[in-house]
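Okay, structure first, notes after.
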Protein chains: 2
Amino acid sequence: MGFVPSAQRLPLDEVLVGDCVAAMNALPASSVDCVFADPPYNLQLGTAGLLRPDQSRVDAVDDDWDKFASLEAYDTFTREWLSACRRVMKPNATLWVIGSYHNIFRVGSALQDLGFWILNDIVWRKANPMPNFRGKRFTNAHETLIWASRSAESKGYTFHYEALKGGNEDLQMRSDWFIPLCTGEERLKDAEGAKLHPTQKPEALLARTLLSATNPGDVVLDPFFGTGTTGAVAKRLGRRFIGIEREETYANAARARIAAVTQLSQAALMLAPAKRAEPRVPFLSVIEAGHIRPGEVLTDERRRFKATVRPDGQLGVGPVCGSIHKIGALVQGLPACNGWTFWHAERNGRPLVIDSFRETMRGAMASAG
Amino acid sequence: MGFVPSAQRLPLDEVLVGDCVAAMNALPASSVDCVFADPPYNLQLGTAGLLRPDQSRVDAVDDDWDKFASLEAYDTFTREWLSACRRVMKPNATLWVIGSYHNIFRVGSALQDLGFWILNDIVWRKANPMPNFRGKRFTNAHETLIWASRSAESKGYTFHYEALKGGNEDLQMRSDWFIPLCTGEERLKDAEGAKLHPTQKPEALLARTLLSATNPGDVVLDPFFGTGTTGAVAKRLGRRFIGIEREETYANAARARIAAVTQLSQAALMLAPAKRAEPRVPFLSVIEAGHIRPGEVLTDERRRFKATVRPDGQLGVGPVCGSIHKIGALVQGLPACNGWTFWHAERNGRPLVIDSFRETMRGAMASAG
DNA sequence: GAAGTCGGTGAATCAGCAC
DNA sequence: TGTGCTGATTCACCGACTT
């Protein structure tokens, strides 16, 4: 432990190096307004390593800090750091934790057991997730954040409802957020150009949490500071931070990163989220929404070709089945085909292009991002 | 308990009325292929009731079945029904559970503790969620499903990867699903026109889970059957079901609802054959069929590497010979290689991937029965 | 300079069968 | 049950490079 902060004074806008539980226990009680925590996920990967289809190796998280002997050991660790957080939180402070299905159920249960009161679970929908290379599961395309107040009695927590609504085209901000991964310029690299930290979070994610649940000048504590995304965003948004990080290398990188950040003007602090490209609509969703029935026969505009709609969102022609695009190409003998503009369903005695159903769906999805 | 099923016979396509743990314990072990469970959420609402902005009262879930004395009582209940499910699941069966932040962390922790192996967490993004009337939180716009196999060793579970991909415009199905709430015609009403069940799930949600993770003819168990959405969808998709429901009123509504459902045609049900189920074609057969000549030189697509086809179906590079896969890995210096997609033969002056010969062979094999 | 191509990569609990 | 062989498998984005 390289620091001994006074029990009276908060080490503001500093990165403390050491074990987070010990460091938090050295801070005064009831002293921070918000906690953001990105704890180890306890991934338990296989020993063989995962290969991509091109035989390159996936650079997975295999760091020592993510290794726990058992679920019980992980639970003990979780209760300890959550308890330490709770002690330093002001009565109306709130806590954010991010995790995946590997750990988030353990974390959620533990914080309920400790008396935290869950306000929302938030889904970070990744714009560009890693695919599932083996084709054995659904693409793991999201992570979960839990937002909780210190207790059920903490009614006075900060939540900028109106600002969030204004930044969301006057619709309430939902619990599912669509945000890209941290890549490109934003991703910190080491001298060799490799990623400096395996799990650096996007600043956009932190920005939305801090804008939602803190005021300018509030103190934000991050017990798993890593390369300091929380600190960088806090400084830019005019919040104070306390970072705790076990690895000196990460702490140093975080200090340099934060030093380069400048605070936004007060006026610029509440930006509207950028508009995303039009949402992609799976053909299966069009069936699920009831626009097209399973078993219905689709044709081209001039009714020369026919195909049957399957309940899984594929089209069938005789024994062959595939996506709307693939089957469209097949029946025409072409290398490719846009199924949305090729296939039609009979409505009011006339062929209606299925792309019109997609347009309808997009209208419904617009409010949901 | 109004039923005593034989330990030998499965009560298929029936609704059993009674406590789900007792009912499951009366079923034979290792007998069902899939479980879908929508347990009580333990909502812990305040006693005052929630008012909309126009002062009308929100018709919230306040039924007795959703009341538990404490988190511990809810955990005990959860472990009991999950254990009973696990006993009746076949070794490669999978379990789906749906919940919200009130209960899903308890459920997820409990099933991990019991030895289930989480395959994915799935986010059901609601197209039309109820707004947050007080403006104190984010709109609760999603629920979470956990998909788990019976144990980490259950590698042979059903997952229709190719069919899902085909229904999603040839992209892997992600873990976030956008599906509307159950409303309108689909929502069951009582004699007064009020909703019959407070938490009826949309059939589209069940359809996607059953299409993903079961085969036609599979047995799907639902221990919290309610008004029988699982049974209705299972019947329509050609699956068998076992429903267990405590309330006679709901069970009767479910029976009537399911009786009115007709199964989709066999043609509409047929799933795309999984790629791995396609017949294996030895490389030697491709030579024997005359698609490739012994002595012919194969190359990679860009003609950087060369190998000679031997009459026994191996490839030779200088003094070394081996399978198309082994030699492909060798020349590239990789640990492994799919020779079918790596090697090309010159046809019409251009490299043609040898996998296309395999496709041709498969077509011939299929038509030959 | 613009447009297109190519390679790299992201918190991953990611095989099945014969012997 | 363990070992070893065969073989099935990826999407969105970014940056560097080529045309």
Side-chain angles (χ1 to χ4, degrees), chain A residues 38-63 65-68 71 74 98-105 124 126-144 178 180-187 189 193-195 197-202 224 226 276-277 280, chain B residues 92 112 116-121 148-149 151-157 159 161-162 165 168-175 274-278 280-283 302 322-326 328-329 335-342 355 358:
Chain A
D38 183 8
Y41 285 11
N42 190 25
L43 287 187
Q44 306 172 60
L45 303 177
T47 49
L50 179 63
L51 296 180
R52 300 169 193 271
D54 66 1
Q55 304 302 327
S56 66
R57 190 167 294 279
V58 173
D59 183 16
V61 174
D62 59 353
D63 304 70
W65 51 253
D66 198 43
K67 296 207 189 316
F68 294 85
L71 282 178
Y74 187 79
I98 183 166
S100 67
Y101 66 84
H102 312 84
N103 72 321
I104 199 66
F105 305 116
W124 168 29
K126 300 180 185 182
N128 43 346
M130 178 147 50
N132 183 290
F133 295 118
R134 288 297 176 94
K136 302 295 290 181
R137 305 182 180 193
F138 299 93
T139 303
N140 202 357
H142 74 275
E143 294 188 22
T144 301
F178 186 76
L181 294 175
C182 178
T183 58
E185 281 292 296
E186 190 185 318
R187 189 83 195 227
K189 306 288 193 334
K195 59 187 176 193
H197 192 283
T199 71
Q200 187 181 338
K201 295 293 177 290
F224 305 98
R276 302 288 314 172
R280 209 181 54 79
Chain B
N92 280 320
Q112 286 181 310
F116 286 95
W117 194 245
I118 299 179
L119 298 169
N120 280 112
D121 58 335
S149 62
S151 82
E153 287 71 44
S154 311
K155 300 287 191 184
Y157 59 85
F159 180 56
Y161 174 77
E162 293 290 344
K165 191 175 172 182
N168 193 35
E169 298 181 71
D170 289 326
L171 295 174
Q172 289 189 342
M173 184 66 78
R174 294 169 46 118
S175 56
K275 272 255 174 69
R276 70 177 57 74
E278 288 188 299
R280 210 180 67 82
V281 178
F283 184 58
R302 294 205 268 161
S323 72
I324 53 173
H325 311 295
K326 208 165 249 172
C337 164
N338 182 345
W340 289 109
T341 55
F342 177 72
D355 203 30
R358 184 167 68 158

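By convention in this document, chain letters (A, B, ...) are assigned in the order of the sequence lines, proteins followed by strands, and residues within each chain are numbered from 1.
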Next item on the list: Provide the closest heavy-atom pair for A:Pro180 versus A:Ala127 in the form atom of the first, atom of the second, distance.
Entry: CA-CB, 3.7 Å

Check: If the P atom of C:dA11 is compared with that of D:dT9, how far apart are they to the nearest Å?
Finding: 25 Å

Next item on the list: Could you tell me the separation between the CG atom of A:Leu50 and the CZ atom of A:Arg134, rounded to the nearest 0.5 Å?
Entry: 6.0 Å

Note to self: Here's a test of your reading of the structure: between A:Gln200 and A:Arg137, which maps to the more 5' nucleotide of DNA chain C?
What the structure shows: A:Gln200

Check: Want to settle it: does A:Phe133 or A:Thr183 sit nearer the 5' end of DNA chain D, counting the closest nucleotide to each?
Finding: A:Phe133

Notebook entry, point to check: Quick one: is D:dT10 close enough that its OP1 or OP2 comes under 4.0 Å of any side-chain N or O from B:Tyr161?
Noted result: yes

Item checked: Distance (rounded to the nearest 0.5 Å) between A:Ile98 CD1 and A:Thr144 OG1 -> 8.5 Å

Item checked: Spacing between A:Glu186 atom CD and C:dT9 atom C1', to the nearest angstrom -> 16 Å

Check: Could you give the distance from CG (B:Asn120) to CZ (A:Arg137), rounded to the nearest 0.5 Å?
Finding: 6.5 Å

Notebook entry, point to check: How many Å lie between CG on A:Asn103 and P on C:dA12, as a whole number?
Noted result: 13 Å

Note to self: Please classify the nucleic acid contact of B:Leu171 as base, sugar-phosphate, or nothing, using heavy-atom distances under 4.0 Å.
What the structure shows: sugar-phosphate

Item checked: Pair assignment for DNA chain C - dot-bracket with | for other-strand partners, Watson-Crick or G-U under 3.5 Å -> .|||||||||....|||||

Item checked: For atom CG of A:Asp66 and atom P of C:dG10, their distance in whole Å -> 16 Å

Check: What is the nucleic acid contact for A:Gly49, judged by heavy atoms within less than 4.0 Å: base, sugar-phosphate only, or nothing?
Finding: base

Next item on the list: Report yes if a donor N or O on one partner sits less than 3.5 Å from an acceptor N or O on the other, where the partners are the side chain of A:Gln55 and the base of D:dT9; otherwise report no.
Entry: yes

Next item on the list: Measure from the side-chain N and O atoms of A:Lys201 to the backbone N and O of A:Thr199, and report whether any donor-acceptor pair falls under 3.5 Å.
Entry: yes

Margin query: What's the separation between atom CG in A:Asp66 and atom OH in A:Tyr74, rounded to the nearest 0.5 Å?
Written below: 7.5 Å

Next item on the list: Please state whether the phosphate of C:dG8, meaning OP1 or OP2, lies under 4.0 angstrom from any side-chain nitrogen or oxygen of A:Lys195.
Entry: no

Next item on the list: Could you go through the side-chain hydrogen bond (donor to acceptor under 3.5 Å, both in side chains) check for A:His102 and A:Ser100 one step at a time?
Entry: CA-CA 5 Å; A:His102 312 84; A:Ser100 67; 2.5 Å; yes

Margin query: If the cut-off is 4.0 Å, is B:Arg358 near the phosphate of D:dA8, judged by side-chain N/O to OP1 or OP2?
Written below: yes

Checklist line | Atom pair distance, as rounded to whole Å: CG in B:Asp121 and C1' in C:dA11 | finding: 13 Å

Item checked: d(CG, A:Leu51; P, C:dC14) in whole Å -> 13 Å

Note to self: Under 4.0 Å, heavy atoms only, any strand: does A:Pro202 hit a base, just the sugar-phosphate, or nothing?
What the structure shows: nothing

Check: If you find the nucleotide of DNA chain C closest to B:Lys155 and the one closest to A:Trp124, which residue's nucleotide is nearer the 5' end?
Finding: A:Trp124

Next item on the list: Specify whether A:Trp65 and A:His197 have parallel, tilted or perpendicular ring planes, treating 30° as the upper limit for parallel and 60° as the lower limit for perpendicular.
Entry: parallel

Check: If you check every side-chain atom of A:Arg134, which of C:dA11, C:dA15, D:dC13 has the closest atom?
Finding: C:dA15

Notebook entry, point to check: Heavy atoms under 4.0 Å, any strand shown: does B:Gln112 hit a base, just sugar-phosphate, or nothing?
Noted result: base

Note to self: Rounding to an integer number of Å, can you tell me how far A:Met130 CE sits from D:dC13 P?
What the structure shows: 16 Å

Notebook entry, point to check: Do the side chain of A:Lys201 and the base of C:dA11 come within less than 3.5 angstrom through a donor-acceptor pair of N or O atoms?
Noted result: yes

Next item on the list: Output the distance between atom CZ (A:Phe133) and atom CD (B:Gln172), rounded to the nearest 0.5 Å.
Entry: 8.5 Å

Check: Nearest-Å distance, CZ (A:Arg52) to P (C:dG10)?
Finding: 7 Å

Margin query: Could you tell me how far apart A:Glu185 (CD) and D:dC13 (C1') are, to the nearest whole angstrom?
Written below: 14 Å

Margin query: Over all strands shown, is B:Leu119 touching base, sugar-phosphate only, or nothing at heavy-atom distances under 4.0 angstrom?
Written below: nothing

Check: With sugar-phosphate meaning primed atoms plus P, OP1 and OP2, does A:Asn132 contact a base, only sugar-phosphate, or nothing at under 4.0 Å between heavy atoms?
Finding: base

Next item on the list: Name the residue closer to the 5' end of DNA chain D, choosing between B:Trp340 and B:Gln172 according to the nucleotide with the nearest heavy atom.
Entry: B:Trp340

Check: Using atom P of each nucleotide, how far apart are C:dC14 and D:dC5 to the nearest Å?
Finding: 23 Å

Next item on the list: Ignoring backbone atoms, establish whether A:Lys136 has a side-chain N or O less than 4.0 Å from OP1 or OP2 of C:dG16.
Entry: yes

Check: Is the distance from OP1 or OP2 of D:dA12 to the nearest side-chain N or O of A:Lys126 less than 4.0 Å?
Finding: no

Next item on the list: Would you indicate, yes or no, if D:dG7 has its OP1 or OP2 atom less than 4.0 angstrom from a side-chain nitrogen or oxygen of B:His325?
Entry: yes

